[in-house]
Engineer: 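Quick one: this structure, given as structure tokens, is what I'll be asking you about.
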Amino acid sequence: MKITLPKWYDLHVHLRQGPAMAAYVKAHLAMGCAGLLAMPNTKPPVAKVFERDPLSCWSVESYRDMILKAGGDAFSALIVPLYLTRDTTPAMIEAGAKSGLLKACKYYPPHGTTNSDHGYPLQSSLENDVFRAMEDNGVILCLHGEEHGLSGERYFGKNSSAEDFFYRERMPVLREKFQNLKLVCEHITTKTAVDFVQKSGEKTGATITPQHLMHTVADLLQGLKYHLYCLPLVKFEEDRQALLDAVRAPGNKRIFAGTDSAPHAAKLTECGCAAGCFTGGIAPQLYIQNFDLNKGQNEFEAFLCRNGAAFYDLPVPDETFTLVQENEDLSLCHTAEAEADVVPLPLGLGEKALPWKIVL
Ligand code: DOR
Ligand code: ZN
């Protein structure tokens, strides 16, 4: 089988910084990506819009330049969201949006995931005017939807988790208070989050990663497959089924691809395991395995190529790429692995090949 699709946008990816960035950009171009949204949880974080702003962090302006210079000028769209911190002001949002540089902001739960120490609690942002300024200026809010500071069963249990809590307790309040603010519920992993997104209106979108469609916590734990360790954690089969049902639903318009490809050159350290799965170069080949192509390719095309573009107001590219159902040898084709010393997720799980390959 062979499927030709418009090039697509990865609406959640980590490109980091430094020399390895060029390899990560190359891997994304090699999988038919026309553009991407590059996360701001770098070190230092991307927490101001313009380089001239006085804060001593990176700016959306300078991080975009860094990506463009690392080969990202081949992308037709490049969004860098502003990392929301205690220093974010409504004036920054307004000026950034008016200049055209600021399209989105990112909420990180403080200390909840990789490089999220600068995150500002959602509760506090609900009470200042930053979300209001975003709503008034058409800036999208991307959320890492996990409650911070939970432990034990409340952090991860059979009937509760940090994500579950966030979508039951926090999101309804946010949705209700800012009804015109566009929200992206990123890398959702639970049935609770799927239910929230489906009950919300057209201003709520969501991304899902390949690993959360394909794996459960059992796969992580059996043999302690740490390459599958990412946040939010992979969950239970019931949750995975809810994610699959949502992306396979013929009417799905608001759930789209965002790989959360997150390279970690040093995955295991003395004090634990870095969170993040690397799927640069192979994401469409992973995503496609979750769709029933005999029933048609429309749902897959909507999820990968159309829904995210529509939500972020990006044009669906005229350029195409082709997925061919032939084995792709993982050990041969992945530049990022060779150049930047990161392991693509399936290799980390002991798989040597993928059932699909990409032809550009
Ligand atoms: O697994 C993850 N990795 N989750 C995140 O939220 C951050 C990301 C990273 O930056 O590596
Ligand atoms: Zn991420």
Engineer: Taking all non-hydrogen atoms of both residues, which atom of Pro344 and which atom of Val342 are closest, and how far apart?
Structural biologist: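 Where Pro344 meets Val342 most closely, the heavy atoms are CD-O, 3.7 Å.
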
Engineer: Please report the C-alpha distance between Phe278 and Val343 in whole Å, then the side-chain angles of each, then the deciding distance to 0.1 Å, and finally whether the side-chain contact (heavy atoms from CB on, under 4.5 Å) criterion is met.
Structural biologist: CA-CA 7 Å; Phe278 181 65; Val343 179; over 6 Å; no

Engineer: Can you confirm if the NZ or CZ of Lys103 lies within 45° of the ring axis of Tyr312 and under 6.0 Å from the centre of its six-membered ring?
Structural biologist: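 Lys103 over Tyr312 ring: no.
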
Engineer: Side chains of Asp10 and Thr259: donor-acceptor distance under 3.5 Å anywhere?
Structural biologist: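 Thr259 and Asp10 do have a side-chain donor-acceptor pair below 3.5 Å.
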
Engineer: Between Leu174 and Ile188, is there shared hydrophobic-cluster membership here, with clusters defined by ILVMFWY side-chain heavy atoms closer than 4.5 Å?
Structural biologist: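 Both belong to a single hydrophobic cluster.
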
Engineer: Just say parallel, tilted or perpendicular for the rings of His118 and Tyr83, cut-offs at 30° and 60°.
Structural biologist: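 Rings of His118 and Tyr83: perpendicular, over 60°.
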
Engineer: Do you see a donor-acceptor pair shorter than 3.5 Å between the side chains of Glu51 and Ser59?
Structural biologist: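 The answer is yes; a qualifying pair exists.
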
Engineer: Under 3.5 Å, is there a donor on one side chain and an acceptor on the other for Thr322 and Thr4?
Structural biologist: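 Per modelled atom types, Thr322 and Thr4 side chains form a pair under 3.5 Å.
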
Engineer: Taking the side chain as every heavy atom from C-beta outward, state whether Leu213 and Arg240 have any pair of such atoms under 4.5 Å apart.
Structural biologist: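 A side-chain contact is absent here, since even the closest heavy-atom pair is not under 4.5 Å.
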
Engineer: In terms of heavy-atom contacts, does CD of Glu202 have more than 12 from other residues, nucleotides or ligands at under 6.0 Å?
Structural biologist: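 12 or below, so no.
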
Engineer: To check you understand the geometry: which heavy-atom pair defines the closest contact between Ile255 and Phe303, and what is its length?
Structural biologist: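 In terms of heavy atoms, the two residues are closest at O-CD1, 3.6 Å.
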
Engineer: Check whether more than 12 heavy atoms from other residues, nucleotides or ligands sit under 6.0 Å from atom NZ of Lys7, and answer yes or no.
Structural biologist: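 Yes, the 6.0 Å shell around NZ holds more than 12 heavy atoms from other groups.
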
Engineer: Decide if atom CD of Gln222 counts as having more than 12 heavy atoms of other residues, nucleotides or ligands within a radius under 6.0 Å.
Structural biologist: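 Atom CD in Gln222 is not crowded, with 12 or fewer foreign heavy atoms closer than 6.0 Å.
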
Engineer: Would you find more than 12 non-hydrogen atoms of other residues, nucleotides or ligands less than 6.0 Å from Lys43 atom NZ?
Structural biologist: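 Check fails, neighbour count at 12 or below.
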
Engineer: Do you know which two heavy atoms are closest between Pro284 and Phe300, and how far apart they sit?
Structural biologist: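 Distance-wise, the nearest heavy atoms are O-CZ, 4.1 Å.
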
Engineer: Nearest 0.5 Å please: distance from the OG1 atom of Thr189 over to the NE2 atom of His215.
Structural biologist: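 Taking OG1 in Thr189 and NE2 in His215, the distance rounds to 14.5 Å.
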
Engineer: Is there a path of hydrophobic side-chain contacts, each under 4.5 Å between heavy atoms, that joins Tyr287 and Val13?
Structural biologist: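 Looking at the clustering, Val13 is in the same group as Tyr287.
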
Engineer: Between Leu101 and Arg64, does the side-chain contact (heavy atoms from CB on, under 4.5 Å) criterion hold? Intermediate values first, please.
Structural biologist: CA-CA 9 Å; Leu101 255 185; Arg64 280 191 89 237; 3.8 Å; yes

Engineer: With His264 as reference, evaluate His14, Arg16, His227 under the side-chain hydrogen bond (donor to acceptor under 3.5 Å, both in side chains) test and give the passing residue.
Structural biologist: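 Filter result, single survivor: Arg16.
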
Engineer: Please walk me through it: do Ile208 and His187 pass side-chain contact (heavy atoms from CB on, under 4.5 Å)?
Structural biologist: CA-CA 5 Å; Ile208 302 185; His187 44 53; over 6 Å; no

Engineer: Examine distances only and state if a side-chain atom of Thr85 and a backbone atom of Gly119 form a donor-acceptor pair shorter than 3.5 Å.
Structural biologist: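 Here the side-chain-to-backbone pair does not exist.
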
Engineer: On a heavy-atom basis, which atom in Thr204 and which in Cys185 lie closest, and how many Å separate them?
Structural biologist: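 Taking Thr204 first and Cys185 second, the nearest heavy atoms are CG2-SG, 3.9 Å.
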
Engineer: Hey, are Asp164 and Thr192 close enough side-chain-wise for a donor-acceptor pair under 3.5 Å?
Structural biologist: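 Per modelled atom types, Thr192 and Asp164 side chains form a pair under 3.5 Å.
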
Engineer: Minimum heavy-atom separation for Ala38 and Pro81, please, with both atom names.
Structural biologist: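 The pair with the smallest heavy-atom distance is O-CD, 3.1 Å.
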
Engineer: Starting from the C-alpha separation in whole Å, work towards a yes-or-no answer on side-chain hydrogen bond (donor to acceptor under 3.5 Å, both in side chains) for His148 and Glu146.
Structural biologist: CA-CA 6 Å; His148 62 283; Glu146 288 191 289; over 6 Å; no

Engineer: Between Glu163 and Thr190, is the side-chain hydrogen bond (donor to acceptor under 3.5 Å, both in side chains) condition met? List the steps.
Structural biologist: CA-CA 7 Å; Glu163 179 175 300; Thr190 56; 2.6 Å; yes

Engineer: Over 60° means perpendicular and under 30° means parallel, so tell me whether Tyr108 and His144 are parallel, tilted or perpendicular.
Structural biologist: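 Tyr108 vs His144 ring planes: tilted.
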
Engineer: Do the non-hydrogen side-chain atoms of Val194 and Leu243 ever get within less than 4.5 Å of each other?
Structural biologist: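 In contact.
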
Engineer: Determine whether the side chains of Glu186 and His12 contain a donor N or O and an acceptor N or O closer than 3.5 Å.
Structural biologist: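 Present: a donor and an acceptor within the cut-off.
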
Engineer: Is Lys267 close enough and on-axis enough to Tyr226, meaning under 6.0 Å and within 45°, for cation-pi?
Structural biologist: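 No; the conditions do not both hold, so Lys267 does not lie above the ring face of Tyr226.
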
Engineer: In terms of heavy-atom contacts, does CD of Gln179 have more than 12 from other residues, nucleotides or ligands at under 6.0 Å?
Structural biologist: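 For Gln179, atom CD is crowded (more than 12 foreign heavy atoms under 6.0 Å).
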
Engineer: If you take the centroid of each ring, where Trp contributes its six-membered ring, are Phe256 and Phe311 closer together than 6.0 Å?
Structural biologist: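 Yes: the rings meet the under 6.0 Å criterion.
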
Engineer: Any idea which heavy atoms bring Arg254 and Asn307 closest together, and the distance?
Structural biologist: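 Smallest interatomic distance, heavy atoms only, reads N-ND2, 4.0 Å.
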
Engineer: Should Ile140 and Leu181 count as side-chain neighbours, where that means a heavy-atom distance under 4.5 Å?
Structural biologist: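 The answer is no; the side chains never approach within 4.5 Å.
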
